[in-house]
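Structure record follows, encoded as structure tokens.
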Amino acid sequence: MSADGTALVQVRGLTKSYRRGGQRVPVLSDINLDIRRGDFLALMGPSGSGKSTLLNMIAGIDKPDAGQVLVDGVDIARLSESELAAWRAAHVGFIFQFYNLMPVLTAVENVELPLALTSLPRRERRARAETALRLVGLEDRMTHLPSELSGGQQQRVAIARAIVTDPTLLVADEPTGDLDRAAAEEILGLLERLNTELGKTIVMVTHDKRAADRAHAIMYLEKGELSTAEDVAERSVRASRHA
Amino acid sequence: MTSFLKLALRNGMRHKLRTGLTVLGLVVAILSFGLLQSIVDAWYAGADRAAANRLVTRNAISLVFPMPINYREKIRAVEGVRSVAVANWFGGVYRDTSMANFFPRFAVDAEQYFAMYPEYVLNEDEFRAFLRDRKGAVIGRKLALQHGFRIGDTIPIQGDIFPGNWEFTVRAIYDGAEPNTDTSLMFFHFDYLNETLKQRVPGRADKVGVFVVAIEDVGRAAEIARAIDEQFKNSAAETLTETEKAFQIGFAKQTEAIVIAVRFVSYVVIAIILAVMANTMAMTARERMTEYATLKALGFPPAFIAALILGESLAIAVIGAAIGIGLTFPVGYWFAAKMGTLFPVFGISPQTVGLQAVCALVVGIAAALLPMRRAARVNIVEGLRFVG
Ligand SMILES: Nc1ncnc2c1ncn2[C@@H]1O[C@H](COP(=O)(O)OP(=O)(O)OP(=O)(O)O)[C@@H](O)[C@H]1O
Ligand SMILES: [Mg+2]
């Protein structure tokens with residue numbers, strides 16, 4: 001596979017623009033980015049800078065106008081809709097700002113949902129869903145509906161759903177954006193653990209500097225350009241430590 | 001599959017009031033449709049009961065114009081004719097003009113007429129008593145039960161087509177040989193009518209509305225009918241002879257505009273519920289776009305999402321249809337009973353039930369089509385954006 005030095009995710013010359021009222025609005029132009037296996041990357045930048053757009057293309061739910069997105073050697077920009085759907089089911093775990101759980105399904109049923117696309121037997125699916133819920137500390141909330149859970153708990157269910165298929169890549173778009181400080185800390189701690197203990201590769205979009213600081217690396221997106229901004233990141237890390 | 005069922009069924013239960021009202025609408029629509037179809041069926045039921053070996057001769061211009069009584073002998077003389085009987089519509093009013101008190105009355109050549117209609121089963125003694133009584137009447141079992149008429153009772157009728165007060169004595173009660181035999185009719189002697197007319201309004205005597213003609217060979221019906229009509233070509237009252245079935249259909253057709261309207265309305269009802277249901281499904285699907293986008297992001301194919309909506313729509317349609325069809329029977333028979341003998345052989349046919357089921361199915365599928373398409377094609381990124 002691509003273990004020896006090659007990055008898990010290789011973004012090359014990625015360009016994307018949207019059409020609005022007959023006008024082309026460029027969002028991303030010629031973006032290059034490498035994400036190594038086991039990385040925890042935070043993506044920051046002002047609102048409207050294209051963070052979500054970039055993340056969506058890495059996760060295979062949006063397509064670039066030009067350029068490549070290689071994940072584990074597969075150029076996902078070239079896959080057909082149905083191939084891409086199957087690829088996502090197998091390789092990507094999604095964590096959304098508003099959790100996006102199915103309101104009619106219980107916690108354990110929500111976590112089990114992505115496994116419906118696998119050939120695993122029913123019992124095995126349920127067992128895996130329960131394991132994932134235990135991992136996020138919700139073993140006593142298995143049969144609760146999302147409406148019966150707090151925001152932080154719902155996001156933990158969503159994280160359990162994201163990891164239940166053992167994906168290659170976890171993508172999180174402002175996972176703490178809708179949570180208070182304490183709940184946000186819990187979620188970030190959980191993501192950190194998934195990264196360090198289970199070796200999950202995580203890409204997280206966030207507005208929150210403190211959230212970004214939990215990641216290994218921070219990248220800034222501004223005016224369609226990506227800057228590694230390691231100095232900026234370094235400075236901020238130091239600043240927060242001395243605070 | 002289990003996730004699919006859970007999602008589809010629980011989604012259906014999400015807005016209990018909305019789902020409940022939609023089901024209620026379907027129940028009313030399917031029930032109305034079934035009733036209207038059954039009414040149309042009942043209207044045409046006479047034609048189904050008609051025998052192939054009976055012809056009906058009437059005035060070629062219209063049923064309302066009579067023919068001279070002496071046609072009876074001329075028709076009987078036609079080759080292939082076995083017997084002829086007068087069957088005059090009498091009209092009249094029993095008690096009042098309400099539907100509940102309406103029943104058809106015919107003045108007939110009793111001996112010949114009942115010999116042609118083996119489906120009217122008579123007790124021999126009673127029938128003989130009827131033949132002896134000039135003012136006697138034969139009534140059907142359903143009619144007898146409905147009004148509590150018994151042998152020996154007098155039935156007073158206020159004449160309209162044939163003015164004056166008329167009184168008949170029940171001498172015989174007939175049963176139907178088949179379940180669909182009409183036993184809501186009353187018959188009496190044509191001679192009694194004719195002789196009374198000779199005294200009261202001589203100008204109206206010796207005139208006949210309809211001759212029923214029994215023939216030897218069913219295969220020659222058309223030929224014999226032509227031969228009969230040929231007899232009266234270029235006379236003052238030309239005739240039109242056709243099979244009893246054709247005659248019955250023609251009779252029902254006089255009201256065809258109404259029947260067509262009733263049929264049309266029954267489909268309009270279905271179209272309305274389709275619009276209501278389509279609106280419900282569209283609303284439902286629009287509200288859940290974020291969920292559908294999420295499912296697609298997780299890797300579920302568009303067909304899964306389309307099936308979710310179709311499943312929900314079909315579930316509502318099936319429940320509505322089941323209740324609606326179930327209610328058609330009690331409501332239908334209650335309605336037919338209220339209508340008295342207007343629908344002598346009201347019944348809900350398997351075809352009607354089948355049509356109800358098909359309509360519900362069509363509604364369930366058609367209502368889901370557009371929402372299915374839209375949801376299955378939802379752009380993931382735009383669908384997810386919906387939340388914020
Ligand atoms: N479907 C679309 N049609 C038109 N313009 C779009 C569409 N999606 C995104 N954009 C535009 O692309 C730009 C980048 O959007 P994106 O959502 O990636 O920004 P973001 O960095 O995630 O912002 P935020 O921090 O507010 O979430 C914005 O200017 C947005 O208006
Ligand atoms: Mg965003």
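Worth saying up front: this structure is predicted, and the values here are computed from it rather than measured. Reminder, nothing fancy here: chain letters follow the sequence lines and each chain counts from 1.
- Note that NZ of B:Lys6 and CD of A:Glu109 are 4.0 Å apart. Values are rounded to the nearest 0.5 Å.
- Residue-environment remark: CD1 (B:Ile258) stays at or below the threshold of 12 foreign heavy atoms within 6.0 Å.
- Crowding of B:Arg373 atom CZ: a count of heavy atoms from other residues, nucleotides or ligands under 6.0 Å not exceeding 12.
- To the nearest 0.5 Å, the span separating CE on A:Met102 from CG on B:Asn11 amounts to 9.0 Å.
- Nearest heavy-atom pair across B:Leu298 and A:Leu117 is O-CD1, 3.7 Å.
- Considering CZ of B:Arg10 and CG of A:Leu145, their distance stands at 7.5 Å, rounded to 0.5 Å.
- The CZ atom of A:Arg122 sits 8.5 Å away from the OG atom of B:Ser3 when rounded to the nearest 0.5 Å.
- Considering every non-hydrogen atom in both A:Arg88 and B:Ile380, the closest pair reads NH2-CD1, 3.4 Å.
- Closest heavy-atom contact between B:Phe300 and A:Leu113: CZ-O, 3.3 Å.
- For A:Arg181, the CZ atom is densely surrounded, since the number of other residues' heavy atoms within 6.0 Å is greater than 12.
- The two residues A:Val104 and B:Arg14 have their closest heavy-atom pair at CG1-CD, 3.3 Å.
- Between atom CZ of residue A:Phe98 and atom OG1 of residue B:Thr294 there is a gap of 12.0 Å, rounded to the nearest 0.5 Å.
- For B:Tyr333, the OH atom counts as densely surrounded, since its 6.0 Å shell holds more than 12 non-hydrogen atoms of other residues, nucleotides or ligands.
- The two residues A:Ala89 and B:Gly299 make their nearest non-hydrogen contact at CB-CA, 4.1 Å.
- Heavy-atom pairs under 4.5 Å with chain B peak, among A:Ala86, A:Ala85, A:Ala90, at A:Ala85.
- We find that A:Glu81 and B:Arg377 are not joined by a salt bridge, their nearest charged nitrogen and carboxylate oxygen being 4.0 Å or further apart.
- Note on A:Leu115, A:Asn56, A:Asp173, A:Leu105: by heavy-atom pairs under 4.5 Å with chain B, the leading option is A:Leu105.
- A pairwise comparison of heavy atoms in A:Phe96 and B:Ala297 identifies CZ-CB, 4.4 Å as the closest pair.
- Within a 6.0 Å radius of CZ in A:Arg134, other residues, nucleotides and ligands contribute more than 12 heavy atoms.
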